[in-house]
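These notes concern the structure reproduced below.
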Amino acid sequence: LEVGVDKPRARLRHAMANTSDSAASRALAAAAASGAAGTGASLAPKGRTLEVGVDAVYDLSKRQPGEETPQLEVLPITMYVTEYAERQFSQIAVNGRYICYGLRAGQIRVLHKETASRALLRGHTQHIADMAFSPSKNSDVLASFGMDGNLFVKKIVAPADPNGDIEEKCLLQVTVMTEALPGTVMTPKVRWLSKSKIVASYADGVFIVDVAAAAAASENTEISLYLSPGSFGAEAPDGVTIVSPMAGRPVVTDMSVGPGEAGRLAVAHHDGTLRVWSQAGDTFVQDSTFSPFDETPDAPLASVFFAAPDALVIGGEHNNQLSMWSLPIGGADDMSVSPEHVQTLSFAPSADVYNFAVSAAPGARLVLVSNLKKQALYAVHFGEDAKCGFDYVSEFSTTMPVLSFTALREDGAESDEPTTGGAGTLQLYCMQTQAIQQYALAVDRCRPVSCVGDEAVAVESSEYSSDEESEEEEEKAVPPLAAAPATPAPATPAKPAKQDSASKLLTPGELMSMAAGASNVTPTATAPKEQPAPKAKAAPKAKGAPPPPQAPPPPGGPPPHARGPPPPGPPPFHGPPHGRGPPGHGPPPHGPPPGHLEGLITGLREHIYNDMAGFLAVSAADAREERASREAAERERQKQLLTAVSAAITRDLPVAIEKILKKELGNTVPLIAAALAASSGKAGGGSDDAGAQAP
């Protein structure tokens with residue numbers, strides 16, 4: 001079951017944009033701004049301070065004074081039931097425009113953040129094990145690796161018409177033909193080296209693909225890859241470099257690419273070893289191998305992340321331990337220096353821990369860990385010099401287990417300027433057992449009070465910021481998003497542009513930030529200045545009165561006052577404007593009477609309900625289509641099974657009959673021989689008696 005709620009939200013945002021001058025929108029903005037103004041105290045950290053560089057244990061069952069487990073602010077994206085499974089599968093990927101997540105049958109659902117358009121990417125036949133968007137800012141290229149051995153690189157194309165369908169363009173399909181050993185538990189992984197190169201692992205094999213070169217060398221963008229030891233080097237397809245072939249070694253469980261143009265490659269293995277590779281031309285060369293956890297040296301590693309070019313965070317089995325290691329700067333040229341252990345943070349008791357870990361860098365200096373067994377999320381903070389170790393850990397509760405998630409820094413620098421010491425907000429897009437949801441995590445709640453300012457990690461790489469020409473080309477390929485009709489300019493300029501720069505999913509936290517940013521001051525000081533002009537036009541419509549010349553003021557009422565020249569026919573105002581401003585000073589600051597506001601809200605509610613009903617109908621159609629696809633696939637599998645059984649019967653039945661006949665004949669022959677012997681003996685004895693009696 002997959003039910004979307006994103007389209008009504010997008011429509012709601014457009015409706016709010018279209019009525020930005022109305023009393024309803026101003027009331028919502030004022031209330032949200034008032035709420036945002038009082039959220040500073042709630043951002044105070046409630047976690048635990050760690051001694052930097054000293055091993056520590058975080059006991060889930062114990063709390064120190066002052067520690068709390070706050071509930072994260074959540075926004076549902078779509079309702080989709082995912083089976084609870086403890087595995088390290090990255091099944092959701094998000095960029096500035098799209099949300100993608102894997103479905104049970106291997107398809108990938110695509111949601112457009114702004115227009116709520118949907119698409120279904122097909123090609124995989126089994127679960128998606130890993131997926132990631134290209135790091136290029138304006139690129140919507142998605143790489144996905146499934147358990148079926150297929151690696152797809154596809155470009156998601158937005159429709160020219162906002163109401164059109166999202167399209168896909170397959171740039172490359174790599175099918176790994178070498179089969180892993182029976183019983184091998186695999187977790188295929190894919191990472192982007194640059195905006196056009198990827199590195200991937202399958203079983204114990206590691207290979208690099210230049211997407212553009214490989215696609216140009218293939219006639220139909222499909223290539224077959226053999227990762228056997230004999231395929232190392234020259235026999236690899238064009239555009240593919242085999243770093244390490246499959247040779248029956250322990251499988252790869254995770255990979256991480258270091259920041260920078262010459263970033264190193266860290267590879268975690270199932271036998272508890274970690275290998276670090278350095279770039280050497282178009283491939284990598286291994287420069288160090290070590291076991292991060294001495295107590296459990298053979299336990300499989302679950303994750304690995306680069307906290308800095310010379311620092312690694314390594315997750316132990318089930319990510320129940322996080323260990324910081326310092327790497328030598330020299331890389332492959334300096335083999336005399338080995339990686340050094342800095343600090344280990346352990347989660348206890350281990351029976352209550354199965355963690356899925358994600359690095360929040362470069363958006364923040366955090367490693368985020370979700371505990372599937374406890375419906376909790378832990379944020380582990382490390383200092384500006386990552387090699388010093390961890391200094392803070394915070395715990396937050398979630399509404400249901402988080403099976404897989406990704407962290408994205410979506411608020412720009414502009415939104416952080418008014419906040420003293422603010423570090424911004426991370427948006428966590430989560431695949432959970434009952435829904436796909438978005439959580440807002442303020443970085444200020446995840447670090448010591450002594451930390452101030454933004455904590456985004458600088459990445460010195462030209463690959464993450466494309467040149468102007470490539471950006472312009474990609475912007476032409478992707479049409480601009482639909483914008484709301486223009487409205488009269490408010491008294492405070494340049495603020496609506498700030499609202500547009502916020503998250504396009506319009507989370508509750510972002511709604512408050514947008515409202516607060518729209519006025520740049522407290523609502524009570526700004527709202528009355530921006531309201532009079534629109535309200536003077538709306539008042540006659542709300543009362544439904546006849547034209548102004550036919551509506552004289554009642555006797556005894558205060559004479560109307562106007563700002564400057566009086567308008568041609570606004571109705572006079574009777575009485576003070578609810579205690580705000582001097583009595584009789586034009587239209588009241590609160591705008592139209594409550595009846596008009598109620599009418600606006602009622603109309604907006606009906607509009608939302610209608611959109612939701614239509615969207616549910618579309619979702620039901622998609623569900624039927626997916627169900628039909630699954631049924632067709634099941635029928636095909638049954639047909640193949642029947643064919644295989646029939647072939648087996650045709651091939652094996654004669655052999656079985658022959659064996660049975662031989663066995664039965666073998667058992668019967670002695671009996672027949674004995675019977676024949678007895679019969680012949682009786683016949684001979686009778687003849688002798690007859691001969692004896694003849695004389």
Side-chain angles (χ1 to χ4, degrees), residues 1-14 72-85 89-122 124 127-128 131 133 140 142 144 156 158-159 162-166 168 356 370 375 398-408 410 427-440 481 503-511 608-627 629-630:
L1 175 63
E2 183 183 14
V3 181
V5 297
D6 40 280
K7 187 170 183 178
R9 182 177 59 253
R11 291 291 183 85
L12 174 61
R13 184 182 179 202
H14 285 297
L72 287 177
E73 182 183 1
V74 61
L75 174 68
I77 297 175
T78 187
M79 305 302 294
Y80 180 72
V81 178
T82 304
E83 180 184 2
Y84 178 90
F89 283 7
S90 299
Q91 294 186 281
I92 185 167
V94 181
N95 71 349
R97 273 187 283 259
Y98 297 101
I99 301 172
C100 301
Y101 56 93
L103 304 182
R104 288 181 293 272
Q107 304 98 329
I108 298 176
R109 172 66 71 194
V110 180
L111 301 178
H112 196 292
K113 290 184 180 181
E114 179 69 19
T115 64
S117 301
R118 300 152 61 87
L120 198 62
L121 307 184
R122 293 179 171 86
H124 293 287
H127 277 293
I128 306 298
M131 66 170 70
F133 272 103
D140 295 322
L142 178 71
S144 59
I156 304 174
N163 297 323
D165 297 330
I166 298 174
E168 63 173 285
F356 180 88
S370 66
Q375 297 184 197
T398 58
T399 57
M400 60 189 77
V402 178
L403 306 177
S404 178
F405 71 104
T406 184
L408 199 64
E410 292 187 331
Q427 301 300 327
L428 311 183
Y429 294 87
C430 305
M431 171 176 278
Q432 300 180 269
T433 52
Q434 300 295 324
I436 308 297
Q437 300 196 105
Q438 176 183 353
Y439 291 89
L481 301 175
S503 172
K504 297 174 184 176
L505 277 179
L506 200 61
T507 67
E510 290 166 337
L511 172 61
I608 294 174
Y609 287 164
N610 293 335
D611 283 347
M612 185 172 292
F615 193 78
L616 290 176
V618 174
S619 301
D622 288 347
R624 287 194 299 269
E625 179 184 352
E626 184 179 350
R627 183 168 59 254
S629 176
R630 290 199 302 268

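Predicted, not measured: the structure shown is a model, and the values here were computed from it.
- Taking both residues in full, the closest heavy atoms of L428 and A407 are given as CD2-CB, 3.6 Å, listed atom of the first, atom of the second, then distance.
- By the side chain to side chain donor-acceptor pair (under 3.5 Å) test, R627 is found to be paired with no residue, residues two or more places apart in sequence or in another chain being considered.
- F89 and H127 have tilted rings, their planes meeting at an angle from 30° to 60° on a 0 to 90° scale.
- Scanning for side chain to side chain donor-acceptor pair (under 3.5 Å) contacts around E168 gives K154, with sequence neighbours left out.
- The main-chain N or O of E114 is never found under 3.5 Å from a side-chain atom of R97 such that the two would form a donor-acceptor pair.
- By the side chain to side chain contact (heavy atoms under 4.5 Å, CB included) test, T433 is found to be paired with Y84, M400, P401, L403, residues two or more places apart in sequence or in another chain being considered.
- Put simply, the residue from I128, I108, L111 that forms a side chain to side chain contact (heavy atoms under 4.5 Å, CB included) with Y101 is L111.
- In this structure, the side chains of Y429 and L408 come closer than 4.5 Å at one or more pairs of heavy atoms.
- Within the model, atoms CD of Q432 and OG of S370 stand 9.0 Å from one another, a figure rounded to the nearest 0.5 Å.
- A heavy-atom distance below 4.5 Å is found between the side chains of L142 and L121.
- The shortest distance between side-chain heavy atoms of Q434 and T399 does not fall below 4.5 Å.
- The shortest side-chain heavy-atom distance between F133 and Y98 falls under the 4.5 Å cut-off.
- Across all non-hydrogen atoms, the minimal contact from A116 to F615 is O-CE1, 4.1 Å.
- Two residues are said to be in side-chain contact when any heavy atoms from C-beta on lie closer than 4.5 Å; Q107 and S629 meet this criterion.
- T398 meets the side chain to side chain donor-acceptor pair (under 3.5 Å) test with no other residue; sequence neighbours excluded.
- The two residues Q437 and I77 have their closest heavy-atom pair at C-CD1, 4.0 Å.
- Taking 4.0 Å as the cut-off between side-chain N and carboxylate O, E625 and R122 count as a salt-bridged pair.
- In terms of heavy atoms, S90 sits closest to S404 at CA-OG, 3.5 Å.
- Between C100 and V110, the closest heavy-atom pair is SG-CG2, 3.8 Å.
- With sequence neighbours left out, Q375 forms a side chain to side chain donor-acceptor pair (under 3.5 Å) with no residue at all.
- Here the side chains of R109 and L120 are in contact, with some heavy-atom distance below 4.5 Å.
- Here the straight-line distance linking atom CG of L103 with atom CD of Q91 works out to 9.5 Å at 0.5 Å rounding.
- Not counting sequence neighbours, the partners of A85 by the side chain to side chain contact (heavy atoms under 4.5 Å, CB included) test are R87.
- Closest heavy-atom contact between Y80 and G102: CE2-O, 4.3 Å.
- Atom CD1 of I92 sits about 5.0 Å away from atom CD1 of I436, to the nearest 0.5 Å.
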